[in-house]
A.B. asks: 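Just dropping this structure here.
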Amino acid sequence: MQKLEVFGINKLKGQIDISGSKNASLPVLAATLLSDKKIYLRNLPKVKDIETMINLLRSLGSKVKFVKKNLIIDNCNQNKKFAAYKLVKTMRAGILVLGPLLAKFGYAKVSLPGGCAIGSRPIDLHLKGLSKLGVQYKIDQGYVHAVAPRGLKGSNIRFSKISVGATENLIIAACLAKGTTILNNCAIEPEIKDLTSFLIKLGCNIKWIAKRSIKIVGVKDIKQIRYSVMFDRIEACTYLIAAAITEGRLKIKNVIPNVIKTEIDILKKIGVKIVTKKKEIKVIGNKKIKSINIKTAPYPGFPTDLQAQFMVLLCKADKESFIQENIFENRFMHVAELNRMGAQIKIKGNKVLVKGNITFAAAELMATDLRASVSLILAALTAKGRSVINRIYHLDRGYEGIEKKLKKVGAKIRRIN
Ligand code: EPZ
């Protein structure tokens, strides 16, 4: 099994180019199933989850190939409706093929994604929403067997809780449903706006009618298009934190700073120097980091996907900070490992108390999920000596070439077997 070896301490200096967003690419890839024409996608990140989604599309009969920087998806003969456990079990976003398959064929059998390290992550909101569009389903032997006997029919749906995945699945399904669908209490993450931009370009009739409400009128014709997915905002913020924590100086390229305004404002507030331009951010780390209290929330609130990385930074703050995790019930797996490196973080229910002024000590570490893994790298960058991070396959699911990008800006990091 591969590991990462990190030697601290190094101030990071130079430029990092941000990749395309994993969490924007996954629903866009699933939504290509609506089409029976060729779609050309650009800026997909080279990460494991995207590979898995491509394999899932191939198993459904899509023809997928890379030509230079384009991923060409040809669904002219796509006709399978069965998403197998072996492809959906490692990647929860596999459930996003349910909506488009039902919209296209009125039938689908898709494996339940199951629980994961950060929480139980049910799909009840996806299923309730699809039922309102006319879907009947049963769950049998780990699979959702779903059928829409009279095809999908537009409806008025209010999500009882804000969910990124359920919003995406319902938006995609409603694009081919007969009549008008109104979705209320939608997630409005930038990746969802990227998905709707993609679908509108495909010829779908979609309009945001209020902050969290969207109107979709079903269409029949889907166009052949080219689309470039948005930048990875979580990757961008992770590198902003890497510069801040190593007191380094980085230029972060291929970003739209306004999309990560909440995070930039917090970094500025705690003492990190940040200058934004149209498509780049300059970040200069500061010796002094001020404490702050953070609560995770759906966009435009503070993202759960950055909670672990900010926790590492706040270990360096002048005083204690609080972090409250409001999205997932078990997303503090990194705490035990950070404490093994000398952090003093106490968990109380869904809150943690983070003691400041910590000097991290190098250690052998175990990664538990994607964002927890990267938080360990951040801590290791500031720990004197050799740290080894095990189980990095989590990292490879979502960070393109992380050790290459970090090495280029002065980190001593390498992959070992
Ligand atoms: C997406 O997951 C992201 N994944 C996650 O990114 C991210 O952490 C999460 O949104 C929140 O921002 C992708 O985009 C592929 P949710 P998703 O449905 O869609 C509960 C990362 O590190 N819920 O918004 O699965 C759920 O349990 C990852 O890149 C239900 O109760 O998240 C959670 O508590 C991990 N029933 C909350 O809603 C449902 O049917 C929000 O989950 C669906 C969700």
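Each ligand, and each atom within it, is numbered from 1 in the order the structure gives. These numbers come from a predicted model, not from an experiment. What you see below is based on every heavy atom in this structure, not just the backbone, and it leaves out hydrogens, waters and symmetry mates. Numbers for residues simply follow the sequence, beginning at 1.
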A.B. asks: Please determine whether the number of non-hydrogen atoms from other residues, nucleotides or ligands lying under 6.0 Å from atom CG of N258 exceeds 12.
C.D. replies: no
A.B. asks: Which protein heavy atom lies closest to atom 8 (O) of ligand 1, and at what distance to 0.1 Å?
C.D. replies: D305 OD1, 2.5 Å
A.B. asks: Checking contacts here: is it the side chain or the backbone of H394 that comes within 4.0 Å of ligand 1, counting heavy atoms only? Could be both or neither.
C.D. replies: neither
A.B. asks: In the protein, which heavy atom is nearest to atom 18 (O) of ligand 1, and how far is it?
C.D. replies: S163 OG, 2.6 Å
A.B. asks: Numbering the atoms of ligand 1 from 1, which are under 4.0 Å from a heavy atom of G165?
C.D. replies: 18 (O), 19 (O)
A.B. asks: Any N or O of D124 that comes nearer than 3.5 Å to an N or O of ligand 1?
C.D. replies: yes
A.B. asks: Relative to the heavy atoms of R92, which atoms of ligand 1 are at a distance of less than 4.0 Å?
C.D. replies: 25 (O)
A.B. asks: One residue to check: A166. Relative to ligand 1, which of side chain, backbone, both or neither has a non-hydrogen atom less than 4.0 Å away?
C.D. replies: neither
A.B. asks: Any donor-acceptor pair under 3.5 Å linking the side chain of S111 with the backbone of V88?
C.D. replies: no
A.B. asks: So is K22 in contact with ligand 1, going by heavy-atom distances below 4.0 Å?
C.D. replies: yes
A.B. asks: Measuring from non-hydrogen atoms of G398 to any atom of ligand 1, is the shortest distance under 4.0 Å?
C.D. replies: no
A.B. asks: Heavy-atom distance to atom 32 (O) of ligand 1: which of F159, F328, Y299, Y399 wins?
C.D. replies: F328
A.B. asks: Can you tell me which portion of I327 lies within the under-4.0 Å heavy-atom range of ligand 1? Options are side chain, backbone, both, or neither.
C.D. replies: both
A.B. asks: Is a donor on one side and an acceptor on the other found under 3.5 Å between the side chain of S213 and the backbone of I209?
C.D. replies: no
A.B. asks: For atom 3 (C) of ligand 1, what is the closest protein heavy atom, and at what distance to 0.1 Å?
C.D. replies: N23 ND2, 3.8 Å
A.B. asks: Please confirm whether R331 comes under 4.0 Å of ligand 1, counting heavy atoms of the residue only.
C.D. replies: yes
A.B. asks: Within the structure, does P122 bring an N/O atom to less than 3.5 angstrom of an N/O atom in ligand 1?
C.D. replies: yes
A.B. asks: I need the atoms of ligand 1 closer than 4.0 Å to a non-hydrogen atom of H126, numbered in the order shown.
C.D. replies: 40 (O)
A.B. asks: For atom 11 (C) of ligand 1, what's the nearest protein heavy atom and its distance?
C.D. replies: T304 CG2, 3.8 Å
A.B. asks: Show the atoms of ligand 1 that are less than 4.0 angstrom away from any heavy atom in L125.
C.D. replies: 30 (C), 36 (N), 39 (C), 40 (O), 43 (C)
A.B. asks: Are N326 and T296 close enough that a side-chain donor and a side-chain acceptor fall under 3.5 Å?
C.D. replies: no
A.B. asks: Going by distance alone, is a donor N or O of one side chain under 3.5 Å from an acceptor N or O of the other, for Y399 and S373?
C.D. replies: no
A.B. asks: Which heavy-atom pair separates S197 from Y227 by the least distance, and what is that distance?
C.D. replies: CB-OH, 3.3 Å
A.B. asks: Just to be sure I read this right, does ligand 1 sit under 4.0 Å from the backbone of E168, its side chain, both, or neither, counting only heavy atoms?
C.D. replies: neither
A.B. asks: Under the 3.5 angstrom rule, does the side chain of R42 hit a backbone N or O of N70 as a donor-acceptor pair?
C.D. replies: no
A.B. asks: Where is the nearest protein heavy atom to atom 29 (O) of ligand 1: which residue, which atom, and how far?
C.D. replies: R371 NH2, 2.7 Å
A.B. asks: For S19 and K405, which I'm curious about, is there any donor-acceptor pair between the side chains at under 3.5 Å?
C.D. replies: yes
A.B. asks: What's the shortest distance from atom 38 (O) of ligand 1 to any protein heavy atom, and which residue and atom give it?
C.D. replies: K161 CE, 3.5 Å
A.B. asks: List the steps and the verdict of side-chain hydrogen bond (donor to acceptor under 3.5 Å, both in side chains) for D49 and N23.
C.D. replies: CA-CA 9 Å; D49 274 7; N23 289 349; over 6 Å; no
A.B. asks: Identify the protein heavy atom lying closest to atom 2 (O) of ligand 1, giving its residue, its atom name and the separation to 0.1 Å.
C.D. replies: R121 NH2, 3.2 Å
A.B. asks: Considering N330, D369, I192, V164 one by one, which has a heavy atom nearer to atom 10 (O) of ligand 1 than any of the others?
C.D. replies: V164
A.B. asks: Would you check if the side chain of N10 reaches a backbone N or O of A411 as a donor-acceptor pair within less than 3.5 Å?
C.D. replies: no
A.B. asks: I'd like to know if the side chain of N185 and the backbone of F159 have a donor-acceptor N/O pair within less than 3.5 Å.
C.D. replies: yes
A.B. asks: N390 side chain to L365 main-chain N or O, any donor-acceptor pair under 3.5 Å?
C.D. replies: yes
A.B. asks: For residues 289-306, which residue pairs pass the salt bridge (charged side-chain N to carboxylate O under 4.0 Å, His left out) check, not counting sequence neighbours?
C.D. replies: D305-R331
